[in-house]
Amino acid sequence: MLDIKLLRNDVEAVAKQLAKRGFALDTQVFQVLENKRKTLQTATQDLQNERNTRSKSIGQAKAKGKDIQPLLAEVADLGDKLKAAEQDLLALQADIDDIVMGIPNLLDDSVPEGKSEDDNVEVSKWGELPTFDFEIKDHVDLGSPNGLMDFEAASKLTGSRFVVMRAGMARMHRALIQFMLDTHINEHGYTEVYVPYMVNEDSLYGTGQLPKFAEDLYKIQNGDKEADKSEQNYYLIPTAEVPVTNLVRDEIVDADSLPIKYTAHTPCFRSEAGSYGRDTRGLIRQHQFEKVEILQFVKPVDSEQALENLVKNAEAILKKLELPYRKVVLCAGDTGFSASKTYDLEVWLPAQDTYREISSCSNMKDFQARRMQARFRNPESTKPELLHTLNGSGLAVGRTLVAIIENYQNEDGSVRVPSVLQPYMGGMEILK
RNA sequence: GGAGAAGUGGCCGAGAGGCCGAAGGCGCUCCCCUGCUAAGGGAGUACAUGGUUUAUCCCGUGUCGAGGGUUCGAAUCCCUCCUUCUCCGCCA
């Protein structure tokens, strides 16, 4: 959520900023609503003031034993007027909130212009692209014989865009998670957290998935109980970002405790509505996948540097696995709703002859923190101030598995196990 | 799942329809005192938001788990929900 004061003081400037990312803010509508709000709110508060002062004098009169009947008669119609005004204000406020909650974050000045992923800018490249003197296969063809990777079984159990893994494949998948977590904990100073995989609506509003992106989420139905408005609705998490970032929701943390650095492994659940027909083959786009997430909550002055640090932590995993990748900075049009600036790490997939996203690292600045009132006490001003929140994948486990299988393949269709993973797999050198 | 108790500021905790944005304590900030340390004395210290403002100050409004209701007036009474604790049941 943007600072409402920013919108009030200079909507046009904000609209101009938002236009960079292709978001059209209707400044006219906002202005009209905002002007109405001002008059209505002032009027309502005047009425409330009147009620409060009169009620107080009634109380005082009563205490002195005076007759309060005449005073009561004077306030007879105040209640109705006030109730009407309050309800109008509430409705108007809801309209304004709808607009404000639907406005994406302002972009960092360093974000390049552009409309789509084609305009993202490559920052750096790492690793030598592997060369093969044989016909290479993709991860589905490499994984499917022996049933190491079984998409048909998964579609029987559940449906499309799920997978079953067996033996060495399942074990390497698990090994990757341990390896990533251990690296972030032991070498990058993150604290591991275990969190719920289901969250309530407040959490999803906090990180920005709601109200705009409900169709991407799975909502839980509790038995055959009808979803009731008065009861809490739970959703499966689309990323660990949601539960972990919401740890600081409605908290005022000590400045001394910053930066707070968390890592978590969770499954992620995405309905992938709107992506039908895209990446239908294999493990790239699933309804359920594992991810190791890294997050930092920092003072505003530190967030720019923290983003660089966070990306480096994600890159370290790719380097240890010796997977060639490149780092791109997302252009204005491709940067996500809540993000101010995003780096993607793209790993080399030889079978696709291209780089594919494997990590997305973003600085949200105070956008999420404002929504969830996540603050720290500034020792200088002694006042609570909004934190900056950052998160990134470190890394997406399924896609890392794909990258390993394709980059480490042999002519006979076997797959070598990266040396850093072998200790996690009982010394296994060839996947089986 | 059943029965009971509770949710108040950064933390603990008083508070039972008007004098309560809320006693007291802890913590924190500033000042005084003491050679250092320890101890002591004084003052200040919730958050959000509207008007005004670069910002403060000031005035107002809202907030005592959340949302509704009763009332001229609600932390306090009523209803619904959420959460926590205790006991019972079930269970990995």
Side-chain angles (χ1 to χ4, degrees), chain A residues 1-10 13 33-94 96-97 100-101 194 196-206 220 222-235 243 246-258 260 297 366 369-387:
Chain A
M1 192 164 92
L2 296 182
D3 188 348
I4 189 78
K5 282 182 186 150
L6 212 58
L7 288 160
R8 283 179 192 154
N9 291 341
D10 201 350
L33 288 175
E34 183 50 28
N35 288 336
K36 263 199 221 166
R37 188 221 99 234
K38 210 183 236 184
T39 40
L40 194 50
Q41 180 163 357
T42 311
T44 306
Q45 292 188 349
D46 283 348
L47 283 171
Q48 287 171 326
N49 186 11
E50 191 181 345
R51 177 204 57 198
N52 290 345
T53 32
R54 282 181 183 273
S55 293
K56 205 163 222 172
S57 58
I58 290 174
Q60 285 163 352
K62 204 175 172 187
K64 289 178 190 160
K66 291 183 185 166
D67 180 17
I68 59 168
Q69 276 311 318
L71 293 171
L72 286 179
E74 281 177 38
V75 294
D77 63 333
L78 194 58
D80 290 341
K81 271 203 289 191
L82 183 56
K83 193 166 264 180
E86 279 174 342
Q87 256 151 24
D88 288 351
L89 182 61
L90 221 58
L92 185 61
Q93 199 66 59
I96 293 173
D97 284 350
V100 174
M101 288 296 263
Y194 171 81
Y197 303 154
M198 295 187 252
V199 292
N200 58 32
E201 289 185 351
D202 285 345
S203 293
L204 289 159
Y205 274 98
I220 310 278
N222 189 0
D224 56 1
K225 226 182 352 185
E226 285 284 329
D228 186 336
K229 273 184 197 145
S230 63
E231 288 192 37
Q232 291 260 30
N233 292 312
Y234 293 159
Y235 295 78
N246 274 281
L247 285 172
V248 287
R249 169 152 57 86
D250 294 323
E251 299 287 338
I252 300 174
V253 302
D254 278 345
D256 295 343
S257 64
L258 300 175
I260 295 170
F297 312 136
D366 61 10
R370 184 173 295 106
R371 288 180 165 225
M372 58 183 146
Q373 288 297 301
R375 294 168 295 173
F376 72 104
R377 197 170 288 278
N378 186 334
E380 282 160 37
S381 65
T382 73
K383 295 286 177 198
E385 291 178 21
L386 294 173
L387 290 168

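Residue numbers start from 1 in every chain, and the chains themselves are labelled A, B, ... in the order their sequence lines are given, proteins ahead of strands.
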Separation of [X] atom [atom1] from [N] atom [atom2], in whole Å?
X	N	atom1	atom2	answer
A:Glu251	B:G9	CD	P	12 Å
A:Lys62	B:C19	NZ	P	13 Å
A:Glu50	B:G73	CD	P	12 Å
A:Lys383	B:C28	NZ	P	18 Å
A:Glu385	B:C47	CD	C1'	14 Å
A:Leu90	B:U49	CG	P	17 Å
A:Glu201	B:A66	CD	C1'	14 Å
A:Asp3	B:A48	CG	P	12 Å

Nearest to the [X] side chain among [options], which nucleotide is it?
X	options	answer
A:Arg37	B:U61, B:G51, B:G10	B:G51
A:Gln48	B:G62, B:G60, B:U70	B:G62
A:Ile58	B:C47, B:U61, B:C72	B:C72
A:Ser55	B:U61, B:C72, B:C47	B:C72

Legend entry - Under-4.0 Å side-chain N/O to phosphate OP1/OP2 contact, A:Lys38 with B:G51: yes
Inset, instruction - Look at all strands and tell whether A:Asp46 reaches a base, only sugar-phosphate, or nothing, counting heavy atoms closer than 4.0 Å. - result: nothing
Inset, instruction - Could you check whether A:Arg370 gets within reach of a base, just the sugar-phosphate, or nothing at all, counting any heavy atom under 4.0 Å? - result: nothing
Inset, instruction - May I ask you to say whether A:Glu251 pairs ionically with A:Arg375, meaning some side-chain N is under 4.0 Å from a carboxylate O? - result: no
Legend entry - NZ/NE/NH1/NH2 to OD/OE distance under 4.0 Å, A:Glu34 and A:Lys38: no
